[in-house]
Amino acid sequence: MRGEGPKPIHLINVPTLYPEDLMPQLPFHGLRSLSLFSGGGGLDLGFDRAGFTHVASYDILPEAGKTLTQNRPHWTVFAGEAGDVTQINWRSYCGLVDVIHGGPPCQPFSVAGHQKGKADRRDMFSEFVRAVLEIQPLAFVAENVTALLGKKFNSYVEEEIEKPLSETYHLSKFILSAPDFGIPQIRKRVFFVGFKTDKMAKKYQPPQPTHYWESGKDRGPNQAIQLDLFSPREPSQLPRCMGIREALGLPDIGFDALAPTIRSGLTGPRHTTSVLSSVSAQKTWEKLQIWPNGVAANREQAHLFVAKNGHFRLSIADCAMIQGFPESWRIEGVVYMALGQIGNAVPPPLAYRVAESVQVAIQIDIN
Ligand SMILES: C[S@@+](CC[C@H](N)C(=O)[O-])C[C@H]1O[C@@H](n2cnc3c(N)ncnc32)[C@H](O)[C@@H]1O
């Protein structure tokens, strides 16, 4: 960094993917959303771009609060102690919220952890359910890792999520895959969506892919559940999802691919500045000639601090883009903290499509 290391070998990259183009701002339609477990704001930003009026965000992490406040100074944000959802009596929000959304911590279910489910003290699904039942919004959206749909958690999903909510809500669940929405990363997430009225639930259509990835290998899983609801267009009719080198604006090396799933800097036993998630991911990063460790604070530092193997070093801005955050959305905190918020997030364009689909179903009933 003082100029004593090897001379830079890569130009400062100029990305060619603009995540904001994947989620054009929709006019505000008057539906109001409340965010729990807001983190760096993936769901919040998606709902915002889909025209929802933000009511408030809650997260226990002070840096998450700073990220949200810095990007949307007019939002009501509760962070740190004030953002601890276990301490909130939600009844004061009755009648003031149309949709509640949230991604409770995924560590209790993630294959990267011990998968203790309910026995993990970080399990917060019951808090999400409590908020929904106390506020009684028109609809809710909960998001998590796909491991939650594994056999191991069958009874958890039934007992902790579906049973208490299905007394008041009509539920559906589906898996979405990030590249199907133009995000150049292998990433799948499960969504639980519930509607207060039968009419909304019947009209509800989960988001359909807006993009395709050339290899076609990542298609399919988002049609795993509710297959009958999808009538996907032929891939050839959809725009192509970029590979990660192309999206980052890196020179053509004759190989490109989707980025492996990026990990959060806050999961695992130690905080980390690496986005590497597995051994197979390492192989893909190598073929891509991208160095997934020691992510730099910005593009200039990534350029100056040459990786040992000469591969392209990522910056926070690059990782945010890989997760679907526009460059204008600033993530607060030191590198591992920013990577924690990025890696934990629902890619905003994915959140946007879910928000849009929920809004359409609600409007059908209201109108
Ligand atoms: C998976 S992340 C959510 C990411 C977010 N949905 C997004 O799209 O960016 C889970 C979040 O839950 C927060 N959290 C954990 N325990 C909490 C609690 N008791 N109260 C409020 N937030 C909590 C964590 O700080 C973390 O930011």
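Whatever order the structure lists them in is the order used to number ligands and atoms, beginning at 1.
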Specify side chain, backbone, both or neither for Ala64, according to which of its non-hydrogen atoms lie closer than 4.0 Å to ligand 1.
neither
Mind checking whether Gln341 contacts ligand 1 via backbone (N, CA, C, O), side chain (CB onward), both or neither, at a 4.0 Å heavy-atom cut-off?
neither
Which ligand 1 atoms does [X] reach within 4.0 Å, using its non-hydrogen atoms?
X	value
Gly39	27 (O)
Gly41	9 (O)
Gly83	20 (N), 21 (C)
Val346	7 (C), 8 (O)
Gly103	1 (C), 2 (S), 3 (C), 6 (N), 10 (C)
Pro105	12 (O), 15 (C)
Leu61	25 (O)
Ser38	5 (C), 7 (C), 9 (O)

Once the angle between the rings of [X] and [Y] is folded into 0 to 90°, is it parallel (under 30°), tilted (30 to 60°) or perpendicular (over 60°)?
X	Y	result
Phe174	Tyr204	tilted
His271	Tyr336	parallel
Tyr58	Phe78	parallel

Counterpart residues, side-chain hydrogen bond (donor to acceptor under 3.5 Å, both in side chains), relative to Ser315 (two or more places apart)
Asp318
Protein heavy atom at shortest distance from [atom]:
atom	answer
atom 25 (O) of ligand 1	Asp59 OD1, 2.7 Å
atom 17 (C) of ligand 1	Ile60 CG2, 3.7 Å
atom 3 (C) of ligand 1	Phe37 O, 3.1 Å
atom 19 (N) of ligand 1	Asp84 OD1, 2.9 Å
atom 9 (O) of ligand 1	Gly42 N, 2.9 Å

Considering distance alone, does some N or O of [X] sit under 3.5 Å from an N or O of ligand 1?
X	answer
Leu43	yes
Ala345	no
Met124	no
Pro104	no
Asn344	no
Val85	yes

Note, [X] side chain near [Y] side chain (heavy atom, < 4.5 Å):
X	Y	result
Val354	Leu176	yes
Pro19	Met321	yes
Tyr156	Ile161	yes

How about Tyr169 and Phe195: are their ring centres within less than 6.0 Å of each other?
no
Please confirm whether Phe47 and His54 have ring centers closer than 6.0 angstrom.
no
For the CH2 atom of Trp291 and the CD atom of Glu286, what is their distance to the nearest 0.5 Å?
8.0 Å
Rounded to the nearest 0.5 angstrom, the CG-OG distance for Asp98 and Ser33 is 8.5 Å
Only counting residues at least two apart or in another chain, list the ones meeting side chain to side chain contact (heavy atoms under 4.5 Å, CB included) with Gln359.
His29, Leu31, Phe52, Gln363
Of Leu36, Ile88, Val85, Asp84, the one forming a side-chain contact (heavy atoms from CB on, under 4.5 Å) with Glu127 is Val85
